[in-house]
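See below for the structure under consideration.
Just the heavy atoms: all of them, side chains too, but no hydrogens, waters or symmetry mates, feed the values below. Note that this is a predicted model, so its numbers are computed, not measured.
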Amino acid sequence: MDKSRNFIEQIIESDLEEGKHGGKVITRFPPEPNGYLHIGHAKSICLNFGVAIEYGGITNLRFDDTNPSTEETEYVESIKKDIHWLGYDWEDRLYYASDYFEQLYELAVKLIEKGLAYVDDSSADEIAEEKGTVTEPGVESKYRARSISENLELFQGMRDGKFDEGSRVLRAKIDMASPNLNMRDPLIYRIKKVPHHQTGKEWNIYPMYDFAHSLSDSIENITHSLCTLEFENHRPLYEWFIEKLEVFPSRQIEFARLNVNYMITSKRKLLRLVKEGYVSGWDDPRMPTISGMRRRGFTPASIRQFADRVGVAKRDNVIDISLLEFCVRDDLNARANRMMAVLNPLKVVIINYPEGEVEWLPAENNPEDPDAGNREMPFAREIFIERDDFMKDPPKKYFRMAPGRYTRLKHAYILHCDDFVEDSDGNIKEVHCTYNKDSKSGSDTSGIKAKGTLHWVSVEHAKKAEARLYDRLFTEPVPDGDPEKDFTSFVNPDSLTVLHEIFVEPSAGEIAQGEQIQFFRKGYFVLDQDSTKENLIFNRTITLKDSWAKIQKKHKK
RNA sequence: AGACCCAUGGUGUAACGGUAGCACUCCGGUUUUUGGUACCGUCAGUCAAGGUUCGAAUCCUUGUGGGUCUACCA
């Protein structure tokens with residue numbers, strides 16, 4: 001059975017068959033260093049690096065740093081870290097568009113010499129005015145007919161800093177009547193007397209995106225330049241520069257950007273969430289940023305799997321976040337060791353268990369992975385169980401602990417619930433049970449059948465910890481889809497719940513930062529970067545699927 | 001409304017002129033010392049109308065619906 005190919009893979013395979021570019025495949029990931037990478041970038045990274053790997057090619061990392069007023073090295077560093085974390089490597093091919101500023105300048109000069117570019121003294125407003133509209137053609141600038149030598153001299157003057165910002169631009173001379181607005185004499189250089197994070201004060205002019213991107217691709221011999229759909233209308237311009245300058249023919253191919261419901265990926269809106277304090281920062285575990293997902297406990301493999309499963313096509317899409325959640329659970333189920341933590345404790349006293357006695361019971365680390373080995377858990381007279389694992393008056397399908405019932409403690413014994421203590425308000429204070437000595441896990445000869453299996457920790461041995469429970473950041477599937485309401489009004493007030501006193505089994509105190517674990521029956525967790533030996537902090541990556549919650553929900557209705 | 005692009009179950013994606021398949025979700029079931037996992041099953045789709053063809057999701061035409069574009073941003 002052949003793996004089905006997306007349309008980009010099909011293009012590459014057909015190019016390969018034709019022997020185009022000598023069978024080479026070179027892609028690039030071209031982030032602008034003006035923000036943090038998010039889930040949408042992850043798709044692009046996986047696509048670009050993925051197809052190169054698939055077809056024996058290479059992928060360059062190139063920072064598209066042509067606008068020094070919004071870009072910073074802080075972003076350069078975070079972007080590099082995120083790509084490596086995702087599992088991809090550009091080896092020694094770390095480039096910047098700014099590496100090519102001199103070459104790009106020369107190419108602009110060449111365009112002028114060919115009579116295909118001119119310096120325009122018009123103001124931004126005038127240029128906008130003369131651009132025309134979608135239904136009306138534009139008007140040619142009065143500076144359009146300048147001589148080549150005058151253009152050359154003025155362009156050199158722009159470079160030398162002789163003119164003020166905004167006073168002049170270099171434009172390509174194409175067609176002011178083109179139905180494609182991008183072809184109506186687009187700007188290719190503007191004056192910006194702003195220091196650049198890579199080139200310092202060397203330049204007074206900076207190239208525009210279309211010019212820089214097309215020609216940077218060409219300079220790097222990029223064979224397949226993959227970008228999102230909104231650049232589709234730019235492709236004729238991309239090709240115009242390459243054709244007129246007779247340089248390496250990179251090809252731009254557009255695919256649909258990734259959208260995920262209950263998430264937003266607009267850099268501007270993400271910035272607002274940070275600036276306005278809805279989240280703690282770019283790496284808040286609720287953010288769709290790569291750094292946020294990493295802190296949340298998502299694994300690189302799960303994100304790669306997700307990127308693979310969403311597919312690549314040209315139609316607009318909104319992926320159901322449950323697919324991402326599935327990928328995360330699927331990966332974590334296989335690799336996360338199980339441990340026990342009681343998030344909302346209820347004390348159980350095993351009245352026939354000797355006071356002061358402690359048994360260390362072997363506990364399997366991961367039923368999905370026989371090589372994961374065992375650990376030992378202390379068992380004693382007083383334990384904590386989860387508060388909602390006991391009900392004094394249980395409904396029909398409830399099969400956890402209740403008076404008169406038998407319940408299994410995972411890796412330990414079967415308990416019979418004898419009695420419970422409640423205060424005057426009806427709050428359960430503690431539960432009294434008797435255990436059956438012959439029901440020990442692995443050597444159960446008691447013959448007792450227990451429907452439910454509970455997690456637990458020994459009161460005496462458990463460590464206190466903090467848990468941060470995360471949920472979807474928004475309450476609406478498309479938070480920015482309502483023009484009437486600001487997306488911030490849909491921030492989920494319950495997206496973060498902090499539990500200050502949970503109890504974890506002793507070995508949970510020894511896990512490494514960033515190590516994913518499953519708290520038995522409660523979900524996948526990871527140690528947060530704020531965690532210390534004294535103050536353990538666990539981030540809940542995601543809950544387990546919970547069919548009991550589903551049953552409850554159905555009965556409420 | 002001018003140009004360009006897109007249209008397959010609830011969601012996403014295959015099928016390249018020859019039996020509409022896969023995944024997620026939903027629903028139901030089996031197994032289970034995690035109400036997890038695994039496994040099985042149910043429901044459910046070619047935007048519309050013409051045309052070409054023995055045969056159309058696929059090619060053509062028209063329509064409809066959606067997206068992008070009028071930054072000295074990328």
What contact category does A:D210 fall into here, base, sugar-phosphate, or nothing, at under 4.0 angstrom with non-hydrogen atoms? nothing
Considering every strand and a 4.0 Å limit on heavy-atom distances, what is the contact class for A:I414: base, sugar-phosphate, or nothing? nothing
Contact residues, residues 64-74 of chain A to RNA chain B [heavy atom, < 4.0 Å]: A:D64, A:T66, A:N67
Mind running a 4.0 Å heavy-atom check of residues 165-176 of chain A against RNA chain B and sending the residues that fall below it, in number order? A:G166, A:V169
From B:A7, B:C69, B:G12, nucleotide with atom closest to A:N317 side chain: B:G12
Taking any heavy-atom pair under 4.0 Å as a contact, classify A:S14: base, sugar-phosphate, or nothing. nothing
Are A:Y75 and A:F63, when compared by the centres of their aromatic rings, separated by less than 6.0 Å? no
Parallel, tilted or perpendicular, judged at 30° and 60°: which one describes the rings of A:F519 and A:F525? tilted
Determine, using ring centers only, whether A:F231 and A:Y209 are less than 6.0 Å apart. yes
Please confirm whether A:F101 and A:H196 have ring centers closer than 6.0 angstrom. yes
Using the six-membered ring wherever Trp is involved, compare the ring planes of A:H38 and A:H41 and label them parallel, tilted or perpendicular (cut-offs 30° and 60°). tilted
Establish whether the base of B:U33 is bridged to the side chain of A:S441 by a donor-acceptor pair shorter than 3.5 Å. yes
So, the side chain of A:W456 versus the backbone of A:K410: is there a donor-acceptor pair under 3.5 Å, distance only? yes
Give A:R235 one of three labels, base, sugar-phosphate or nothing, depending on what nucleic acid heavy atoms sit under 4.0 Å from its own. nothing
Would you list the protein and nucleotides 38-40 of chain B atom pairs, both N or O, that sit under 3.5 Å from each other?
none

Sticking with atom C1', work out how far B:G51 lies from B:C39, rounded to a whole angstrom. 49 Å
Whole Å only: how far is the NZ atom of A:K440 from the P atom of B:U33? 19 Å
Minimum-distance nucleotide (side-chain atoms of A:R309 versus B:C24, B:C73, B:C72): B:C24
A:V312 vs A:L226, side chain to side chain contact (heavy atoms under 4.5 Å, CB included): CA-CA, chis, key distance, verdict: CA-CA 11 Å; A:V312 180; A:L226 315 180; over 6 Å; no
Heavy atoms only, 4.0 Å cut-off, all strands: where does A:P30 land among base, sugar-phosphate and nothing? nothing
Proximity of A:W360 and A:F379 rings by center, below 6.0 Å: no
Are there more than 12 heavy atoms of other residues, nucleotides or ligands under 6.0 Å from atom NZ of A:K267? yes
Looking only at N and O atoms, is any donor in the side chain of A:R408 or the base of B:U33 less than 3.5 Å from an acceptor on the other one? yes
Identify each atom pair where a protein N or O and an N or O of nucleotides 66-68 of chain B are less than 3.5 Å apart, giving names and distance.
from	atom 1	to	atom 2	distance (Å)
B:G67	O4'	A:D316	OD2	3.3
B:G67	O2'	A:D316	OD2	3.4
B:U68	O2	A:N233	ND2	2.9

Describe the nucleic acid contact of A:L323 in one word from base, sugar-phosphate, nothing, applying a heavy-atom distance below 4.0 Å. sugar-phosphate
What about the rings of A:F211 and A:F241, do their centers lie closer together than 6.0 Å? yes
Can you tell me the distance, in whole Å, between the CZ atom of A:R184 and the P atom of B:G2? 14 Å
Round to a whole Å and report the spacing from CZ of A:R329 to P of B:U25. 8 Å
Among B:U33, B:G35, B:C72, find the nucleotide with the atom closest to the side chain of A:I127. B:C72
Nearest-nucleotide 5' precedence on RNA chain B, A:A313 against A:G452: A:A313
Atom-pair distance (NZ on A:K410; C1' on B:U32), nearest Å: 9 Å
Note, RNA chain B 5' to 3' with Watson-Crick or G-U pairs under 3.5 Å encoded as ( ), [ ], | and . gives .((((((..((((....[..))))..((((.......)))).....(((((..]....))))))))))).....
What I want to check is whether an N or O donor and acceptor connect the side chain of A:R338 with the base of B:U34 at under 3.5 Å. yes
Roughly how many Å is it from CZ in A:R190 to C1' in B:A71, rounded to a whole number? 10 Å
Touch check for A:S547, heavy atoms < 4.0 angstrom, all strands: base, sugar-phosphate only, or nothing? sugar-phosphate
Tell me if the centroids of the rings in A:F503 and A:F384 come within less than 6.0 Å of each other. yes
Check every atom of B:U25, B:C5, B:A74 against the side chain of A:K314 and return the nucleotide holding the closest atom. B:C5
Could you label the plane-to-plane angle of the A:H411 and A:F520 rings as parallel, tilted or perpendicular, counting under 30° as parallel and over 60° as perpendicular? tilted
Is there a side chain to side chain contact (heavy atoms under 4.5 Å, CB included) between A:I127 and A:S141? Walk through the geometry before answering. CA-CA 8 Å; A:I127 290 175; A:S141 166; over 6 Å; no
Listed nucleotide nearest any side-chain atom of A:K545, set B:G35, B:U37, B:C73: B:U37
Reckon A:H411 touches a base, only the sugar-phosphate, or nothing at all at heavy-atom distances under 4.0 Å? base
Within residues 34-45 of chain A, which residues have any heavy atom lying less than 4.0 Å from an atom of RNA chain B? none
When the P atoms of B:A74 and B:G67 are compared, how many Å lie between them, rounded to an integer? 26 Å
Pair A:F155 + A:Y189: ring centers closer than 6.0 Å: yes
Starting at atom CG of A:D388, determine the distance to atom C1' of B:G35, rounded to an integer number of angstrom. 12 Å
Salt-bridged, A:K269 to A:D480, with N to O below 4.0 Å? yes
Taking atom CD of A:E13 as the centre, report whether more than 12 heavy atoms of other residues, nucleotides or ligands fall under 6.0 Å from it. yes
Is there a side chain to side chain contact (heavy atoms under 4.5 Å, CB included) between A:Y118 and A:D120 once you walk through the steps? CA-CA 6 Å; A:Y118 61 98; A:D120 194 330; 3.8 Å; yes
Would you kindly give the CE-to-C1' distance between A:M401 and B:U34, to the nearest whole Å? 16 Å
For A:K142, look at atom NZ and say whether over 12 heavy atoms of other residues, nucleotides or ligands are found less than 6.0 Å away. no
Centroid-centroid distance, A:F255 to A:F7, less than 6.0 Å: no
Which nucleotide wins on minimum distance to the side chain of A:L181, given the candidates B:C24, B:C69, B:C5? B:C69
For the pair A:I448 and A:N436, evaluate side chain to side chain contact (heavy atoms under 4.5 Å, CB included) and give the outcome as yes or no after the intermediate values. CA-CA 9 Å; A:I448 302 169; A:N436 185 303; 3.3 Å; yes
